[in-house]
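Reading through the structure tokens given below for one structure.
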Protein chains: 2
Amino acid sequence: MESLNLDRHSVVPLYFQIQQHLLQDIRSGRLKAGKPLPSEEVISKRLRVSRMTARQALKSLCSLGVAYSQRGKGTFVSEIKLEKNFRQVQSFTEEMEARGSRPHSKLISSEVVPVGEEAALALRLPPEEKVIRIRRVRVADALPMGVETTCLPQPLCPDLLDKFDPRTSLYRTLSQGYGIHIVQADEVVEAGLANSEEARLLGISKGSPVFLFTRTSYVQGGQAVEYVKSTFRGDRYKITNRLGQSGNDNSSGGGM
Amino acid sequence: MESLNLDRHSVVPLYFQIQQHLLQDIRSGRLKAGKPLPSEEVISKRLRVSRMTARQALKSLCSLGVAYSQRGKGTFVSEIKLEKNFRQVQSFTEEMEARGSRPHSKLISSEVVPVGEEAALALRLPPEEKVIRIRRVRVADALPMGVETTCLPQPLCPDLLDKFDPRTSLYRTLSQGYGIHIVQADEVVEAGLANSEEARLLGISKGSPVFLFTRTSYVQGGQAVEYVKSTFRGDRYKITNRLGQSGNDNSSGGGM
DNA sequence: TCACCCCAGTTGTCTAGACAACTGGGGTGT
DNA sequence: ACACCCCAGTTGTCTAGACAACTGGGGTGA
């Protein structure tokens, strides 16, 4: 804290520089769990920023879950770690890379077909519209993890099947090739049993426990661009989630 | 918007009054999806509050997911609804009531036992500590939904078994009887198959698909107070989740 | 026609204060 | 011993501005 030199001419906001510095102190153990962070007043005085800026830095730590505030007492380092973010939209590729695994995919089929009733509803397309449907087996570190069927409206990316290597990340191709940035998704998770096709593709026995995911993805503004149904092995896949802290979060670290 | 009279002497913060009013406009359809909300400037002028206060109201809508901001353009009503909050810690009771179902529970057993290895790790208890263990079948609208085993450190609530009616909400009892307010939890979800005991208790056949939940709950400050393992029917239970909007949220509506 | 510039409108960040509400500890008076 | 008050420290809310960065549209000039 004492050693921090703020760069007042950087494009990086001050509150974000402060947030990053405090985060380092926490991760390195210089600030221990349960101990108070410097108060808004102290940060403000020491770093010569206004109290609102110091406050924004502290609040952003709260919304990351690494700290919490108590009125009249202070802001404290949270005892719980798990900075992982299972709340963000992540493609299979991103998720596996974050876990430290090498992801890839085996193509089952890719074709242009009429949108089914279910996908039409989710993507808000007229029933005569066509979609690009890609079926893949998702693999991490040479182990088959799940079967995934993705539907994208054809008008959105008409030449996708030429441009896209199905073994790589679809989200990356959509982002870099078409400027389609997926920022939000609704997901439904069900528990089910592998049917015989899934069992064969995944190398498990029929009737093994599986997760069934149904995901609809949106770009900024809410237009649906992707409808995905996937089946993942119950023995190799877990969902972990941090619940709570309802409400009081304020400004997180997104400022870049 | 025009008709809003702010109560400047209320204990309810101004930004929260504004947020609630805009939320009404959105829910009632007066503000339609995709349309811009009043800008910070406009709110500020019209309601005679400072721009920072107007801003806080708009940001809180963003963090609820009902709006989104674009720099240089404005703040817009999100096209996606689903205000449900599957990010909050909710007891089974709260969750079912939010769904519109009548929850209750059948007690299987309640006893004081030595903490197991697994629970000791999660609750950070020494291995010789004792826990209160409550096993219940969770029922919604007369349909059995799942089997739940809850472990609580005995010193925390020594006379719980006298005070607590196992057919009601444990969280409510902890909150009202002991001042223990659970504000955060880590949850792991797995897909599995019902064993014969679970099948009998839930009225399904052995080998049916089920969700396996493992939850550790914390009070403000991070002390673990509850370790729960539960098995829920795959045919009657779904998880839905909203992903995304990484980062930029600012102050939500918690101010009361 | 097209590239460029400028401008009004908007959100993002920041300042320097103010008062309210709450916490916890110390002191005072009974 | 105990209740009460007061006070310093802290977060919550709010004000009234400022400049930066970006968007989109209109106008200008080549």
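Residue numbers begin at 1 in each chain, while the letters A, B, ... track the order of the sequences. Owing to the predicted nature of the structure, the values given are computational and were not obtained by experimental measurement.
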Between [N] ([atom2]) and [X] ([atom1]): distance, integer Å:
X	N	atom1	atom2	answer
L37(A)	dT11(D)	CG	C1'	13 Å
K45(A)	dG9(D)	NZ	C1'	11 Å
L58(B)	dT10(C)	CG	P	12 Å
Q19(A)	dT13(C)	CD	C1'	15 Å
I43(A)	dT15(C)	CD1	P	13 Å
E40(A)	dT10(D)	CD	P	10 Å
Q56(B)	dG12(C)	CD	C1'	15 Å
M52(A)	dA16(D)	CE	C1'	13 Å

Using a cut-off of 4.0 Å between protein heavy atoms and nucleotide atoms, how would you tag nucleotides 18-25 of chain C 5' to 3' with B, S and -?
B--BBSS-
Which atoms of nucleotides 4-8 of chain D (N or O only) lie under 3.5 Å from a protein N or O atom, and what are those distances?
none

Should stems be defined as at least three consecutive Watson-Crick or G-U pairs with both distances under 3.5 angstrom, which of them involve DNA chain C?
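Stem list for DNA chain C: C:1-30 with D:1-30.
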Partner of E40(A) by salt bridge (charged side-chain N to carboxylate O under 4.0 Å, His left out), out of R51(A), K59(A), R71(A)
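The single option meeting the salt bridge (charged side-chain N to carboxylate O under 4.0 Å, His left out) with E40(A) is R51(A).
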Check each of E226(B), E148(B), E187(B) against R215(B) using the salt bridge (charged side-chain N to carboxylate O under 4.0 Å, His left out) test, and report the only one that passes.
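Exactly one candidate clears the test, E187(B).
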Restricting to side chain to side chain donor-acceptor pair (under 3.5 Å), what partner residues turn up for S110(B), sequence neighbours left out?
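If we apply the side chain to side chain donor-acceptor pair (under 3.5 Å) test to S110(B), skipping adjacent residues, there are no hits.
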If the condition is side chain to side chain donor-acceptor pair (under 3.5 Å), which residues does R30(A) pass it with, not counting sequence neighbours?
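By the side chain to side chain donor-acceptor pair (under 3.5 Å) rule, R30(A) matches D25(A), S28(A).
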Show me, pair by pair, the donor-acceptor contacts under 3.5 angstrom made by side chains of residues 155-166 of chain A, not counting sequence neighbours?
unit_1	atom_1	unit_2	atom_2	d
D159(A)	OD1	Y178(A)	OH	2.7
D165(A)	OD1	R167(A)	N	2.9
D165(A)	OD1	R167(A)	NE	3.2
D165(A)	OD2	R167(A)	NH2	3.0

Are [X] and [N] close enough that a side-chain N or O sits under 4.0 Å from OP1 or OP2?
X	N	result
S39(A)	dT10(D)	yes
T75(B)	dT10(C)	no
K59(A)	dG12(D)	yes
R55(B)	dC14(C)	no
S50(B)	dG17(D)	no
Y15(B)	dT13(D)	yes

Given dG12(D), dT15(D), dC14(D), identify the nucleotide with an atom nearest to the side chain of S69(A).
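Among the listed nucleotides, the one closest to the side chain of S69(A) is dG12(D).
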Mind running side-chain contact (heavy atoms from CB on, under 4.5 Å) on L58(A) and S69(A) for me, showing each step along the way?
CA-CA 9 Å; L58(A) 288 173; S69(A) 290; 5.6 Å; no
Can you confirm whether R48(B) is buried at CZ, in the sense that more than 12 heavy atoms of other residues, nucleotides or ligands lie under 6.0 Å from that atom?
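12 or below, so no.
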Donor-acceptor pair, distance only, cut-off 3.5 Å: does the side chain of S44(A) make one with the backbone of V49(A)?
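Yes, because the side chain of S44(A) sits within donor-acceptor range (under 3.5 Å) of the backbone of V49(A).
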State whether the side chain of E129(B) and the backbone N or O of P153(B) hold a donor-acceptor pair below 3.5 Å, judged by distance alone.
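Here the side-chain-to-backbone pair does not exist.
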One pair to check against side-chain contact (heavy atoms from CB on, under 4.5 Å): I43(B) and L22(B). What are the steps and the verdict?
CA-CA 11 Å; I43(B) 294 177; L22(B) 291 171; 4.2 Å; yes
I'd like to know whether V77(B) forms a side-chain contact (heavy atoms from CB on, under 4.5 Å) with V66(B), so could you lay out the CA-CA distance, the side-chain angles of the two residues, the decisive distance to 0.1 Å, and finally the verdict.
CA-CA 6 Å; V77(B) 180; V66(B) 302; 5.9 Å; no
Apply side-chain contact (heavy atoms from CB on, under 4.5 Å) to the pair F92(A) and L170(A), showing each step before the final yes or no.
CA-CA 9 Å; F92(A) 178 79; L170(A) 174 62; over 6 Å; no
